[in-house]
Structure formats: structure tokens, C-alpha cells
Amino acid sequence: MRAKQYLYARLRSLVQDRGLDWPEKASLESPKKNAFGDLASNLALVLSKEAGIKPRDLAAELRTSLLESTPELQEIEIAGPGFMNFFFSPDFWRQTVPEVLEAGDGYGSLDFGQGHKVLVEFVSANPTGPLHVGHGRGAAVGDSLCRILRFAGYLVDAEYYLNDAGRQMDILARSLWIRYQQVCGSRVELPGDSYQGEYITDLAEEFYREHGRGLLDLDEPKALELCLDKGKSRILAGIKQDLQDFRVEFDRWFSEKELIESRAVDKTLENMLAGGLAYEQDGALWFKSTDFGDDKDRVLRKSDGELTYFASDIAYHAEKFSRGYETLIDVWGADHHGYVPRMKSAVVAQGRAAADFEVVLIQLVNLLRKGEQIAMSTRAGKFVTLAEVIAEVGVDASRFTFLSRKSDSRLEFDLDLLKQKSMENPVFYVQYAHARICSVLRKAGESGQKAEPDPDTLKLLNTDEDLELIQTLERFPDCIQGAARLYSPHLVSYYLRDLAGMLHRYYNRHQIVNAGDERLTGARLLLVKSVLQVLKNGLNLLGVQPMERM
RNA sequence: GCGCCAGUAGCUCAGCCGGAUAGAGCAUCUGACUACGAAUCAGAAGGCCGGGUGUUCGAAUCGCCCCUGGCGCACCA
């Protein structure tokens, strides 16, 4: 990041000296191959036409003026059709080490978000049953995204939208009511659309222990109301517990029921009708979403007077904006992707830019045991819960795995594999690197070997492995920026695997403690300390614990 | 039928706002512990980037057409 900013500033002023603007398509990136320099740019290629000079000639001119004005640049090579490959002096790179150590837990944090207010809504599972593995993935991604965006300079709140109104809650109440009657010995059948999971029976039995057969004397509506309250609060308490165990925090739990009771939904519909965004037809109220790019108009209020979920979702999102958030991010299951254009059009209809509302889609989790797929069905109550997964493989391995893939592609989650402490399980690879450094530092402490971050000491970090490691540390802020810009936590986990790999390589190649030279040991201790810091910062963003011992 | 996502090494996946010889881990084979943690490392092997076509100096990446798989297309939630 530092090198890039430094070079960008200088290149840009050279471009401006020619009376030109920095072209959109010009790149400045660390190339895949070391031979292509520490940083490489296609600037000359892209600018050539506008500047009226052949790419390689332009590159040569830029090269000359840069080398004269910037001592930090050791060499610039011109390659191929006109790429410029920049090589910084080792001293420039080595400055990264004290920079990391000085910034500490803040290393990698950015002003990229510029205090922009963002609301991330995720999980938002109906409180009709415990969270399962799929919710776990959404929880891990949403939570990690919040952490990353905060680190990147956004003001972020995390919110859980509680669908505690409507038909699903009624079904829950009825399911519980019938199970209760069954526990009391009545011969009533569970309707086909009921929740059939065992947790309902457990709740019914708990209910029985508290009230005996007393509820049987109540009117059915009264009994159902009790069942609804009881079921909802118990299940919600379970969800909250699971999320807490999974290290997922929310700033707010937003109740749909309260939204409706506050008449916010009605008001939103009235406004839409008044503003010509909605119309009545066939006894129903319709949103003219086709005016905003949707492929058909959508119903807001059914002809029987019931609100659709879409109606309360529109009101809810309007409400979020009214609380001052500039960008709304929703984390949804990928099976809801068809809902995205409709929600976008609603946001645009409310006078917001389409980009103010973004949806991160989470693909299915394919749960495996011994290589065999485990079939799941929510309605039938046959699923593996998040709590079970946490108990079996632990929070760290689960979270890291959930965050190790692009969220929009399917994920294989093999319970047996994740319990193994092998390379099949990359979380250990990264945590091991962290623990290894801790161990080295302990050893160094025991024998009183110290690290002094002065320039002369740092100069001893002069091998290829030293510089490679340092350059990777220097890229950490770029990684954060990318993850924040693309809403992609998995980029952080890939980065950490890279960094851990380099550390392991370094460790096998170079002696740190007892390196034979006190100052050399000191220099290497500084280096691994800064690696430790970056591993820690990165793991924190994933919600994975940096272990000191394993 | 329409739309969205995916198709990259035997397996699981990165890379995708165009960039140079396409990467990683696992699995396979060969090596490395009398110094700091071998849960590690070094090396080998492995590819018409689903197929075709266009755009251009340059395409895994962008456009169009097809094939395959998943998911959506309600006055459902």
C-alpha cells in the first residue's frame, strides 16, 4: 500500500506535467512474478495513444525522470510491449517492519470508507426454529464483513431483522399447541405444514412441566397466543445464544411486528400510492416496479387485505435509510436472488441510488460426513444445527471454512475433515504460524535476546525471504481495501494462508533465535513480530482466535 | 420458456473493473528434524481456464451463441 501510494503520486504528477489525466485503465499492481518488479504498471501502454508517443518510448521517458527524482526507486525495467517494472530499494521495503509494529492492532486499517454510514443486515432467520449450518455461513460472512468494513473506515452497524409477524409465526404457534396437546395425551394430528422438528416437542414438554394440563381449559385463540409468545421467546433466546457462541454480534434486533404496529408499513404504502408509485387493481395494491427495471409489477397488499412481505420489506428499508445510513447491505441466501431486482427497484423508487443498496448472496452449504452428503430439510426438522457444528468442530474451524470461499459459490463443509488437524484444514495452518511465532518469541525472551528497531539492525534483513515476507506485510492494507470494496471476506483468508506459508518457509530456512549474531537475531525477531501482528489483525477480522499455543 | 449463479490440475477452490510463462491446498512420487514447534519445509508431476465466436497490441477475465449443473420466476414466506 505504501509503495503503491508513493509511486502513484509521482507517476500521476508526471502524467499531469504532460497536461494529461491519469487514465482509468492504467494499473499499478504487484505482479504475479517477482521478475516483473515489486510493482508493475501498464501506464505507458494505456497512455501512449493520447500522449502521441510509442509505448516503449513513453516508458523510457517516464523512467528517466522517475529515477532522477526518487531515490527510493532502485531500478525501472521496461518490458514487453511497454510495461514498466518498478524495483524499490530494500531500505524502502524494510521501513514496513517498524510501520507495522508502531501501528500494532491498527495496522491495515484504512480511511477507505471515510466514515460512510453502513448498515449490514444478516442472518435474519425466522424465529421458528434453531439456526442451521446455512445460517452459520451467513452469520460468519455478515459478521466478518462488518469487521472488515469497520477496519476499512466505515461506520458500520449490524442488524438482525426479526420476521416475527405473519403466517410462519402462526404455524409455529399451532405446531407447539398441538404438540402440547399430544404431550397431555390428546389424540390430535399435526397438520402437514407444521414444523415437525424435535425442538417443538421439547418446548411442548417444557410447557407441560410449567403449566401441567392447565392450558387445555383455555379458549384456543388464547392458548395459541401463549404458544406463540412462548415459542418465539424461547427460540429467539436460543438463536441469540448460538450467535453469541459463534462470536457474532448485532447492534440491533429489529422487529417486523413492531414495524407493522407502528403503522410504518401503512404509511409507506400511502406515500407510494400518493406518489404514483403504486396503484389499485383487482382489489389489490400494486407497486409499479416495472418503472424501475423489474420485469413485472408486484403486489403490496393482497385483495384479502393482508400485507405481503415485500410491503414490510420496503417499509423496513425506507426506515433504515431514515435512520441515516447511506448504504444498506443485505446478506441473503442465494435462493432469494430473484428478489434482488424487486428490492432494488423499491429502493430506487424511494429516491435512492441503486448502489445505496447491495445484496451479498450466500450459496448453499453442502454438509458432508465421511465424504457423504447429509440431506437436510427445514420443514421436516431434519437438519444439522449450527450449535451442533460448533460443538463438533469448533468456532474457529467453522468460521474459517465459511470464510474460505467466495460467498456466492457453493461450499463443501466436511465435518470429519474439519476435525482433522491437517492441511485439509487451513485454519490450523494459519493458527500454527501464529503459535509458532509466539513460541519463538518465548524462546527469545528466555535467553534474553532483544529486538531493537533501528535502521542498522533492519539492514540485516537482506535475504530474498526477508524481502518477500516484508512485501507481503506491506500488501495487507491492499487486501483489506479489496475485501471491503468487493464485500469479500474470503480475500482475507486467502491472504492469511499466503502469509502463513511464507512464515513457515522463512522459519525452515532461517534461524531466528541463536542465529549466531545477536543483531541478526534481533532483526529477525522484529520481522516475525510484525508477521505475528498482521496474522493477528487478519484473524480478528475473520473472527478466528490467534492461538498462542496449540 | 425467461432470469441469476456456477463450469479453471484427479479432488476442493483462488484469480474475473483485460495484461506478461494461469495459481494454491489436498491426493501421488522424491527428499529434509543432534538449533527456535515436522500441525512444517524443499522438489517433481499434473491444464484445449465447458465449447464456439467476436472486440484488441493482448481474453480465464469483456460481448454474442450453444452445452452442462444449481437456483429462482405467486395476490408464498
Side-chain angles (χ1 to χ4, degrees), chain A residues 24-25 27 29 31-33 35-36 40-42 45-46 48-49 55 79-83 85 126 128 163 165-169 171 281-286 295-296 298-310 312-313 333-342 361 363-364 366 368 371 404-406 408-412 414 417 420-433 435-444 446-447 449 485-486 488 490-491 493-495 497-498 500-501 503-516 521 524-525 528 549-550:
Chain A
E24 264 309 299
K25 291 175 75 176
S27 66
E29 284 171 345
K32 306 182 249 193
K33 300 261 174 189
F36 298 149
S41 177
N42 64 358
L45 282 155
V46 176
S48 154
K49 201 172 283 178
F83 289 104
N85 299 332
N126 291 346
T128 54
N163 290 120
R167 229 170 71 84
Q168 293 308 311
M169 294 311 294
I171 294 174
Q281 187 184 306
D282 304 329
L285 184 68
W286 299 72
D295 39 12
K296 59 176 289 194
R298 308 289 175 173
V299 171
L300 297 167
R301 193 186 334 100
K302 299 187 264 178
S303 50
D304 66 4
E306 287 279 312
L307 295 173
T308 62
Y309 259 60
F310 188 38
S312 49
D313 279 346
D335 53 344
H336 289 81
H337 70 258
Y339 204 70
V340 176
R342 166 178 347 179
L361 294 173
Q363 264 293 359
L364 285 182
N366 219 1
L368 306 174
S404 67
R405 299 267 179 278
K406 196 166 46 171
D408 195 23
S409 54
R410 299 178 69 126
L411 171 72
E412 291 212 346
D414 192 315
L417 231 52
Q420 288 174 24
K421 301 183 171 177
S422 71
M423 259 317 291
E424 292 271 3
N425 198 352
V427 67
F428 290 110
Y429 187 76
V430 177
Q431 286 180 315
Y432 182 56
R436 202 171 215 182
I437 296 171
C438 289
S439 169
V440 168
L441 295 176
R442 277 195 298 271
K443 272 281 183 326
E446 283 165 15
S447 51
Q449 299 178 78
R485 183 171 60 87
L486 300 167
S488 297
H490 77 279
L491 295 176
S493 85
Y494 270 88
Y495 171 87
R497 262 188 275 187
D498 250 18
L503 185 275
H504 289 313
R505 207 169 308 141
Y506 189 87
Y507 177 91
N508 275 277
R509 189 126 183 186
H510 300 290
Q511 185 67 20
I512 300 167
V513 178
N514 301 321
T521 289
R524 291 181 173 168
L525 285 173
V528 297
R549 286 193 165 83
M550 297 173 66

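Throughout, protein chains are lettered first and strands after them, A, B, ... in sequence-line order, and every chain is numbered starting at 1.
For A:His504 and B:rA42, the shortest distance from a side-chain N or O to OP1 or OP2 is not below 4.0 Å. The phosphate of B:rC41 (OP1 or OP2) has a side-chain N or O of A:Tyr429 nearer than 4.0 angstrom. Between A:Ser409 and the phosphate of B:rA14, there is a side-chain N or O to OP1/OP2 separation shorter than 4.0 Å. OP1 and OP2 of B:rC13 both lie 4.0 Å or more from every side-chain N or O belonging to A:Lys406.
Take the nearest nucleotide of RNA chain B for A:Trp286 and for A:Arg436: the residue whose nucleotide is more 5' is A:Arg436. Take the nearest nucleotide of RNA chain B for A:Phe36 and for A:Arg410: the residue whose nucleotide is more 5' is A:Phe36.
If you measure from atom CD of A:Glu29 to atom P of B:rG18, you get 10 Å, rounded to the nearest angstrom. Protein atom NE2 of A:His490 is 13 Å distant from nucleotide atom P of B:rC13, rounded to whole Å. Rounded to whole angstrom, the span from the CD atom of A:Gln449 across to the P atom of B:rA35 amounts to 16 Å. One atom, CG of A:Leu486, and another, C1' of B:rG15, lie 12 Å apart when rounded to the nearest Å. Between the C1' atom of B:rC36 and the CD atom of A:Gln511 lies a distance of 5 Å, rounded to the nearest Å. Distance A:Asn425 CG to B:rA24 P: 20 Å, rounded to the nearest Å. The distance between atom CZ of A:Arg167 and atom P of B:rA74, rounded to the nearest whole Å, is 17 Å. At whole-Å resolution of the value, CG in A:Asn42 and P in B:rG19 are 9 Å apart.
Using a 4.0 Å heavy-atom cutoff across all strands shown, A:Ala433 reaches no nucleic acid atom at all. A:Ala444 comes within 4.0 angstrom of no nucleic acid atom, judged by non-hydrogen atoms across all strands. Base contact: A:Ser303 has a heavy atom under 4.0 Å from a base atom. Contacts of A:Arg485 with the nucleic acid, taken as non-hydrogen atoms under 4.0 Å apart, include base atoms. Residue contacts shown for A:Asn85 include a base, since a base heavy atom lies under 4.0 Å away.
Proximity of a side-chain donor or acceptor of A:Asp282 to a complementary backbone N or O of A:Ala284 within less than 3.5 Å is not detected. Looking only at distances, a side-chain donor or acceptor of A:Thr308 sits under 3.5 Å from a matching main-chain atom of A:Leu300.
For a distance-only test at 3.5 Å, the side chain of A:His336 fails to qualify as a donor-acceptor partner of the base of B:rG72. For B:rA77, its base never sits under 3.5 Å from the side chain of A:Asp313 at any donor and acceptor pair. You won't find any donor-acceptor pair under 3.5 Å spanning the side chain of A:Thr308 and the base of B:rC75, going by distance alone.
The shortest heavy-atom contact between A:Leu361 and A:Gly333 is CD2-O, 3.9 Å. The two residues A:His490 and A:Lys406 have their closest heavy-atom pair at ND1-CA, 3.6 Å.
The number of heavy atoms from other shown groups lying within 6.0 Å of CZ (A:Arg167) does not exceed 12.
Checking B:rC13, B:rG37, B:rA20 against the side-chain heavy atoms of A:Tyr494 singles out B:rC13 as nearest. Considering only the side chain of A:Val440, B:rG37 comes nearest among B:rA39, B:rC75, B:rG37.
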